[in-house]
Structure formats: C-alpha cells, structure tokens
A.B. asks: 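One structure, as structure tokens, below. Some questions next.
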Amino acid sequence: MQEVVPINTTDGTPQNTRVTDALSAKDPSVRLQAALAAGSNPHPELLETLVERCAVEPDFFVRDMLSWALTRLSPETTLPRIRRELDSGRAQARSQALHTLSKIGDRRAWAWITRDLLRDADDQVARTAWRVAVALVPEDEKEDLAGELVPQLGRGDRETRLSLSRALVDLGDVIKSAVRQAAAHPDPVVAAHARATELLRQNPETGFDAAVEEAKRVVVLGAEGAAAAASAAPGAAGTANATNATNATNAADAADAAKAMDAGNGMEAAGC
C-alpha cells in the first residue's frame with residue numbers, strides 16, 4: 001500500500017522527520033506528496049532538506065513542488081541559502097535555485113544573476129538564468145542585460161534559441177540596435193537567429209519556427225530576394241503568403257538598418 005504523508009498534523013518535529021524520509025522515497029508520487037506536505041506546513045527546519053533535494057530530484061513535477069515549498073518559507077530565511085546554490089558545481093542545483101528565485105520574485109536577487117550564470121556552459125542553467133534575469137532586471141539595466149544576451153544568439157538547440165529569443169523580446173525595444181547589428185553577423189546561424197528574434201520583437205504573434213524559416217530565407221536569398229519570393233508565391237496559400245511577405249519586409253527593414261551600421265562595430269558571437 002502506498003505511503004501517504006499526512007499534511008494536517010500540528011506536531012512539527014515528527015512531521016518533519018516523516019517528510020524528510022518521504023522526500024527520498026523510491027516512488028515519485030510519495031516524494032510529490034512529501035513536497036506538498038512541506039509546503040502546506042512550512043517549517044524552517046525543512047529548508048536544508050528541501051534545497052538539497054532540489055539538486056538531485058529527477059522528477060520535474062516533484063522539483064517544481066519543492067520550489068513551491070521553499071516559497072512558503074520566509075524569504076529572509078530562504079534567499080541566503082538559495083544564493084549559495086548558485087555557485088554549486090551541480091548544474092541541476094544551479095538551475096533549480098534560479099527557478100526557485102523566479103518563483104519567489106524578490107528583486108534583491110537580481111544582483112546574484114551573474115555573467116557566469118547568464119553564460120553558463122549548461123544550456124538549462126543558462127536558459128533559466130535568462131528567464132529570471134528578465135523578470136528581475138531593473139528598468140535602467142535592461143540595456144546592459146541585452147548586451148549579455150545578444151552575443152549568445154545562435155547558441156544551442158531549438159529550445160535554447162527559443163528561450164533566448166523570448167528573453168530578448170521580453171526586454172523590449174532596448175534590444176533593437178544590438179539584434180539588428182547581429183543580423184549582419186557572418187555566421188549564418190547567428191544571423192538567422194538574430195533576424196528571427198527581430199521578427200518576433202516586431203510581431204510577437206509570429207511563431208518562432210516560422211520566424212526562423214523566414215530569417216533563413218533572408219540570409220540565403222538576401223532581403224530583396226526573400227521579399228520577391230514571398231510576393232511571387234502561389235495564391236492558394238493567400239493568407240500564409242501575405243503573412244510571409246509582411247515578415248520578409250520586416251526582415252528587409254532589419255537588414256537595411258544593419259547595413260547602415262558601422263562595420264567596425266561587429267559583435268562577438270560568444271557561446272555559439
């Protein structure tokens with residue numbers, strides 16, 4: 001019979017012991033119930049156990065519940081301990097600590113989102129750092145954050161690039177100049193990712209994959225060629241082609257702006 005961790009006891013110490021034991025149970029549903037119990041009856045004695053479990057828990061849903069349980073504790077207690085995890089040698093510990101900071105939403109944590117985290121070699125850690133940074137960044141530091149993110153255009157697989165584009169788009173118009181400059185990068189992967197991000201900035205309703213394909217066409221055909229190809233497409237796909245033509249025009253605008261910039265200001269494509 002599956003163990004169920006009680007969540008309505010008022011006897012803190014025995015409950016904490018049971019929760020601690022259940023958090024390392026073989027059955028993920030037991031671990032999930034234990035994390036729920038920890039959050040339903042938050043107790044500072046469980047802080048260390050919850051943080052340590054975040055670093056090793058293999059189940060996504062249990063990890064998310066562990067983060068929720070940590071948000072139920074006082075930030076004054078939780079934040080200093082989570083901050084230590086940001087320097088952990090374990091990628092999951094860093095990633096989950098960042099995720100928990102995003103759940104807590106305390107802007108004091110902005111100063112802890114370092115360049116090393118934003119450029120972490122582990123894509124999952126970096127993706128989480130981008131998301132948290134955009135959520136916590138002060139208005140007057142958005143441009144500096146964009147300067148850390150734009151050089152990573154072209155990095156990783158589809159999900160990593162999608163995460164980076166979303167983070168940049170969420171920063172707003174401060175990315176405009178840097179992304180357009182990156183659209184002129186000699187690496188076609190970087191250039192296409194930059195153009196796709198610019199299309200998304202101009203029209204957030206554009207799907208990421210569609211934006212990437214349109215950006216690739218511009219890189220291969222040139223802005224004018226891509227626009228001509230889109231306008232010459234068969235009428236049977238009228239609505240889709242009209243959208244593509246609009247996107248190609250947007251991409252052409254981005255290319256024109258990029259060409260107008262001083263070539264000597266070429267941007268480093270770090271992490272690609």
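Values below: all heavy atoms of this structure, side chains included; hydrogens, waters and symmetry mates excluded.
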A.B. asks: Would the number of heavy atoms belonging to other residues, nucleotides or ligands and lying under 6.0 Å from CZ of R166 be above 12?
C.D. replies: no
A.B. asks: Would you mind checking if D123 and R155 are paired as a salt bridge, meaning a charged N to carboxylate O distance below 4.0 Å?
C.D. replies: yes
A.B. asks: Tell me the closest heavy-atom pair linking L153 and A182, and the distance in Å.
C.D. replies: CD1-CB, 3.8 Å
A.B. asks: Roughly how far apart are E141 CD and D144 CG, rounded to 0.5 Å?
C.D. replies: 6.5 Å
A.B. asks: Is the backbone of D64 close enough, under 3.5 Å, to the side chain of H99 for a donor and an acceptor to pair up by distance?
C.D. replies: no
A.B. asks: Which heavy atom in S88 sits nearest to a heavy atom in A93, and how many Å separate them?
C.D. replies: OG-CB, 3.4 Å
A.B. asks: Mind running side-chain contact (heavy atoms from CB on, under 4.5 Å) on L98 and R131 for me, showing each step along the way?
C.D. replies: CA-CA 9 Å; L98 287 163; R131 175 167 52 82; over 6 Å; no
A.B. asks: Start with the C-alpha gap between L164 and R127, add the side-chain angles, then the distance that decides, and say whether side-chain contact (heavy atoms from CB on, under 4.5 Å) holds.
C.D. replies: CA-CA 7 Å; L164 183 53; R127 288 172 57 189; over 6 Å; no
A.B. asks: Are the side chains of L149 and L171 in contact, using a 4.5 Å heavy-atom criterion?
C.D. replies: yes
A.B. asks: Within a strict 4.5 Å, meaning less than it, do heavy atoms of the N41 and L46 side chains meet?
C.D. replies: no
A.B. asks: Got a salt bridge between D173 and R201, using NZ or NE/NH1/NH2 to carboxylate O under 4.0 Å?
C.D. replies: yes
A.B. asks: In terms of hydrophobic clusters joined by side-chain contacts under 4.5 Å, are V189 and V150 together?
C.D. replies: no
A.B. asks: So, for R81 and E52, which heavy atoms are closest and what is the spacing to 0.1 Å?
C.D. replies: NH2-CG, 4.4 Å
A.B. asks: Measure the CG-CE distance between L50 and M65 for me, rounded to the nearest 0.5 Å.
C.D. replies: 12.0 Å
A.B. asks: Is there a side-chain contact between W112 and L117 (heavy atoms, below 4.5 Å)?
C.D. replies: no
A.B. asks: Counting distance only, does the side-chain N/O of W130 pair as donor-acceptor with the main-chain N or O of S163 below 3.5 Å?
C.D. replies: no
A.B. asks: Apply side-chain hydrogen bond (donor to acceptor under 3.5 Å, both in side chains) to the pair D157 and T160, showing each step before the final yes or no.
C.D. replies: CA-CA 5 Å; D157 59 12; T160 300; 2.9 Å; yes
A.B. asks: Output the distance between atom CD (Q124) and atom CD (E159), rounded to the nearest 0.5 Å.
C.D. replies: 10.0 Å
A.B. asks: Tell me, with the steps shown, if D120 and T128 meet side-chain contact (heavy atoms from CB on, under 4.5 Å).
C.D. replies: CA-CA 10 Å; D120 198 285; T128 311; over 6 Å; no
A.B. asks: Decide yes or no for L101 and L79: does some side-chain heavy atom of the first lie under 4.5 Å from some side-chain heavy atom of the second?
C.D. replies: yes
A.B. asks: Checking R94 against D87 for the salt bridge (charged side-chain N to carboxylate O under 4.0 Å, His left out) test, could you report, in this order, the C-alpha distance in whole Å, the side-chain angles of both residues, the deciding distance, and whether it holds?
C.D. replies: CA-CA 7 Å; R94 300 194 301 277; D87 295 322; over 6 Å; no
A.B. asks: Give a yes or no on whether E76 atom CD has more than 12 heavy-atom contacts from other residues, nucleotides or ligands under 6.0 Å away.
C.D. replies: yes
A.B. asks: Okay, side chain of S24, backbone of D21: is any donor-acceptor separation there less than 3.5 Å?
C.D. replies: yes
A.B. asks: Whether the side chain of S95 engages the backbone of A91 through a donor-acceptor N/O pair (distance < 3.5 Å, no angle test) should be reported.
C.D. replies: no
A.B. asks: Within the side chain of R72, is there an N or O that forms a donor-acceptor pair under 3.5 Å with the backbone of P42?
C.D. replies: no
A.B. asks: Using only atom types and a distance under 3.5 Å, with no angle test, would you say the side chain of R53 pairs donor to acceptor with the backbone of L23?
C.D. replies: yes
A.B. asks: Checking T114 against D116: is there a side-chain donor and acceptor pair closer than 3.5 Å?
C.D. replies: no
A.B. asks: Answer yes or no: does atom CD of E143 have more than 12 heavy-atom neighbours from other residues, nucleotides or ligands under 6.0 Å?
C.D. replies: no
A.B. asks: Is there a side-chain contact between Q152 and R119 in this structure, where contact means two heavy atoms from C-beta onward sitting under 4.5 Å apart?
C.D. replies: yes
A.B. asks: Quick check on side chain to side chain donor-acceptor pair (under 3.5 Å): which of R63, Q92, R31 does E57 satisfy it with?
C.D. replies: R31
A.B. asks: Would you say that T49 contacts V19 through its side chain, given a criterion of any heavy-atom pair below 4.5 Å between the two side chains?
C.D. replies: no
A.B. asks: In Å, rounded to the nearest 0.5 Å, how long is the span from CG of L66 to SG of C54?
C.D. replies: 4.5 Å
A.B. asks: Could you measure the distance from the CD atom of Q202 to the CG atom of L200? Nearest 0.5 Å is fine.
C.D. replies: 10.0 Å
A.B. asks: Supply the atom-to-atom distance Q96 CD to R90 CZ, rounded to the nearest 0.5 angstrom.
C.D. replies: 12.0 Å
A.B. asks: Are any side-chain N or O atoms of T78 and backbone N or O atoms of P75, one a donor and one an acceptor, separated by less than 3.5 Å?
C.D. replies: no
A.B. asks: Using every non-hydrogen atom in the two residues, find where T197 and S165 come nearest and quote the distance to one decimal.
C.D. replies: OG1-OG, 2.8 Å
A.B. asks: Which atom names give the shortest non-hydrogen contact between A35 and A69, and what distance separates them?
C.D. replies: O-CB, 3.7 Å
A.B. asks: With side-chain contact (heavy atoms from CB on, under 4.5 Å) as the test, would you mind laying out the steps for L32 and D27 before giving the verdict?
C.D. replies: CA-CA 9 Å; L32 183 65; D27 188 338; over 6 Å; no
A.B. asks: Could you tell me if the side chain of I104 sits less than 4.5 Å from the side chain of I82, heavy atoms only?
C.D. replies: yes
A.B. asks: Could you tell me if the side chain of W68 sits less than 4.5 Å from the side chain of S40, heavy atoms only?
C.D. replies: yes
A.B. asks: What's the shortest heavy-atom distance between E85 and A97, and which atoms?
C.D. replies: CB-CB, 3.6 Å
